[in-house]
Amino acid sequence: MRVTPENLAWLQSLFDDPSLTLVFHNAKFDLEMLYWSHGIDIFNSKAKVECTLILHKVLFSTALSHSLEYIGPKYTGRSEVDKVEITQWLKERNTKRLIRERGGKKLGFDDAPDDLVRRRVLWDVETTILLYGFLRPKVSNVCPDLYETERQLMYVCVDIECRGVVVDLTKARELKEKALGELKRIKRMLNEMVLPLAYVKDRKDRKTGEKVPTEIVIEDDFNPNSPDQLPAAFRKLGIELKYKSKPKKKKNKKTGRVEMMGGGNWSFDEYSMVRYVSKQLAAVIRESGEDGWPAHKFIDEVIRIVKAEKLKERELLPPLVLQYRQLSKMVSTYYDTFLEKAVDRWTAPSGREYGVLHCRFNQSAADTGRFSSSDPNLQNQPRLLGPRECFVPRRGRWNWHLDYSQVEMRFFCHFAEDKGMAKAIDDDVHLYVATKIYKKPKDQVTKEQRKRAKSTGFGILYGSGPAKQAETLTSKGLPTTKLEASVIVAAYHREFPSVRRLTNRLKSELLRNGYIVNPFGRRYHIDKSFSYKGLNYMCQGSSADLIKRAMVDVWNWLRKMGYKARLIMTVHDELVIECPRNEMKKVIPQVMKMMERKKEYFVPIIAEAEVVRKRWSEKESPEDVGLKLAA
DNA sequence: CTGAGAAGCCC
DNA sequence: GTACGGGCTTCTCAGT
């Protein structure tokens with residue numbers, strides 16, 4: 001079937017028919033395509049749109065995959081034969097040789113014989129319908145409300161993605177040039193230090209296929225990002241390599257097996273690098289990270305210290321490489337991406353160029369139920385460095401960032417039902433935990449002790465033990481042995497016995513049922529060997545489902561009321577609303593109210609507001625802009 | 001071209 | 001006796 005006006009009209013009529021239920025697998029994709037590319041009005045659909053991907057997701061949040069290919073055969077008994085047929089057909093004809101003979105043309109579905117295409121599409125359609133028949137009754141029993149939230153959330157996502165966010169491309173260009181300049185300077189210094197660089201590597205002989213040790217010489221361009229060149233550079237400068245990466249227990253998404261992944265290579269992450277330099281330099285590296293120093297300041301300071309302390313010149317290698325990595329990351333992951341992906345560009349009267357970034361928000365990617373974001377990912381924009389300077393509100397609007405205050409900790413309190421922690425949650429939980437662990441009054445708890453308590457609290461939330469706790473604390477500049485960490489963790493459990501009760505409860509529930517379920521009805525099937533993840537899934541997942549509920553409520557309310565304010569993004573525990581100034585007083589307090597849950601849980605769940613007038617990097621408090629939000 | 005591993009950015 | 005949660009993107013290198 002082709003895209004013709006008649007066909008589009010027919011599609012629109014389907015959406016307008018209140019007696020219909022339209023079932024898709026990954027409906028969001030189709031809705032977005034129909035709306036964005038073909039102008040179909042999906043938002044006022046009278047027909048009910050359902051999605052088998054989401055049905056599967058709410059029942060099996062942690063499944064390896066939610067794709068039709070994966071779950072179709074699994075639950076409907078349909079074979080993959082009809083589907084594979086066309087893939088096979090294409091594969092046979094898309095070999096390198098055949099493509100070349102054809103003059104570089106790669107074959108697609110359009111080129112395949114009609115009957116193959118038809119069978120392929122029919123497979124999708126029939127499998128989806130069968131899947132719907134299987135999943136929908138289960139969902140109606142298990143978690144109808146959760147599903148309904150996710151279902152409506154599809155429209156919210158489509159709206160957010162199509163609207164996009166505005167970026168200042170002139171600023172991106174400026175920041176990129178600046179970073180490039182710094183990179184040049186660092187590269188010059190590094191080249192001076194390490195070139196020429198020689199190392200030996202096993203290379204496969206073209207003829208025999210044997211591995212032969214081969215000497216490689218880097219004459220004029222050292223690449224700090226190269227896993228081969230970096231260790232060679234360290235060795236050449238006489239730095240003894242000490243630290244190796246550790247393997248991690250992971251579930252292989254392809255095989256579904258639990259395997260040890262990675263590990264065994266020389267490690268040059270920041271944590272290791274800091275340990276290769278004197279403590280004065282280590283302190284600078286840490287401080288610059290915490291405060292987001294500009295590159296030139298960092299480099300100058302590092303050089304100053306090496307001179308002042310009469311350190312060996314080679315100590316410059318680790319910090320310079322770290323700075324090089326940071327800058328190249330900013331350029332390739334952020335500035336370049338903005339410049340490449342921004343669309344609908346325009347030049348303002350000021351002469352600055354702007355554009356719109358349409359990233360994707362995926363409501364079904366994370367095991368816990370959280371949102372993820374990609375193409376580009378808006379959820380990992382650096383907090384302290386340049387990229388946030390590029391994000392600006394639309395004309396005439398301010399961006400309101402409404403974030404839940406310590407929401408995962410609050411759900412943790414809720415599940416543990418710990419009265420002491422509950423009392424301290426609106427004040428300073430970490431300080432409170434410190435008073436208990438160290439048996440000291442508030443005013444005698446040192447900054448360090450609070451830091452340790454905070455880290456321990458998160459460690460517990462993440463299911464970590466003494467070894468990892470010690471590592472984390474040490475990496476944060478608080479040297480801690482495994483033994484010391486185990487003392488702190490023990491003290492934590494001594495003071496908060498409710499936490500052990502909670503983890504035990506989750507564990508036995510997991511062993512009994514094979515899954516645990518959060519207050520919104522979302523199920524987590526977790527491998528027994530990963531049962532320590534249960535607590536985190538409950539806290540992270542409940543937070544995710546709460547904000548998802550709020551997003552749907554807010555979006556529906558804004559539409560109903562006819563406001564111009566719009567949701568433009570979410571960062572896990574934060575909603576961003578672009579709001580015309582004349583609507584702020586009405587909209588923002590109401591949105592916060594819709595996010596908050598002051599009575600439903602063991603502790604109140606509350607939101608806080610900040611506002612962006614010019615750039616994301618310059619968030620202000622409501623008082624700063626003279627807006628008083630009613631409590 | 002794809003996949004693995006390492007690194008680093010976010011909550 | 002164990003063991004830090006959830007994402008995404010970039011780079012390099014090896015093997016297809």
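Chain identifiers are assigned alphabetically (A, B, ...) following the order of the sequence lines, protein sequences preceding nucleic acid strands; residue numbering begins at 1 within each chain. Only heavy atoms go into these numbers, but all of them, side chains included; no hydrogens, no water, no symmetry mates.
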Q: Is A:Ser372 near enough to C:dC8 that one of its side-chain N or O atoms lies under 4.0 angstrom from OP1 or OP2?
A: yes

Q: Select base, sugar-phosphate, or nothing to describe what A:Lys533 touches, counting heavy atoms under 4.0 Å on all strands.
A: sugar-phosphate

Q: Toward the 5' end of DNA chain C, which comes first, A:Gln540 or A:Gly465, by nearest nucleotide?
A: A:Gly465

Q: Does anything in residues 255-274 of chain A come within less than 4.0 Å of DNA chain C? Heavy atoms only, and list the residues if so.
A: none

Q: In this structure, how many angstroms lie between the P atom of C:dG7 and the CD atom of A:Gln363, rounded?
A: 15 Å

Q: Classify the nucleic acid contact of A:Ile547 as base, sugar-phosphate or nothing, counting any heavy atom under 4.0 Å across all strands shown.
A: nothing

Q: Hey, does A:Gln381 reach any base, or is it just sugar-phosphate, or nothing, if we go heavy atoms under 4.0 Å?
A: sugar-phosphate

Q: Could you run down nucleotides 9-16 of chain C 5' to 3' and tag each one B, S or - for protein heavy-atom contact under 4.0 Å?
A: SSSSSSS-

Q: Whether A:Lys248 contacts C:dG5 is assessed here as follows: a side-chain N or O lying under 4.0 Å from the phosphate OP1 or OP2. Is that the case?
A: yes

Q: Determine the contact category for A:Arg360: base if any of its heavy atoms lies under 4.0 Å from a base atom, sugar-phosphate if only primed atoms, P, OP1 or OP2 are that close, otherwise nothing.
A: nothing

Q: On the 0 to 90° scale, with breaks at 30° and 60°, tag the A:Tyr515-A:His525 ring pair as parallel, tilted or perpendicular.
A: tilted

Q: Within the structure, does a side-chain N or O atom of A:Tyr537 lie under 4.0 Å from either OP1 or OP2 of C:dG5?
A: no

Q: In terms of the angle between their ring planes, are A:Phe458 and A:Tyr462 parallel, tilted or perpendicular, with boundaries placed at 30° and 60°?
A: tilted

Q: What are the 5'-most and 3'-most nucleotides of DNA chain B lying under 4.0 Å from any heavy atom of chain A?
A: B:dG5 to B:dC11

Q: Base, sugar-phosphate, or nothing for A:Tyr334, non-hydrogen atoms under 4.0 angstrom?
A: sugar-phosphate

Q: Can you find a side-chain donor-acceptor pair between A:Tyr271 and A:Arg275 that sits under 3.5 Å?
A: yes

Q: Name the orientation class of the two ring planes belonging to A:Phe411 and A:His414 (parallel below 30°, tilted from 30 to 60°, perpendicular beyond 60°).
A: perpendicular

Q: Using a heavy-atom cut-off of under 4.0 Å over every strand shown, decide if A:Glu574 touches base, sugar-phosphate, or nothing.
A: nothing

Q: Could you verify whether a donor N or O on one side chain and an acceptor N or O on the other, from A:Ser405 and A:Arg410, lie under 3.5 Å apart?
A: yes

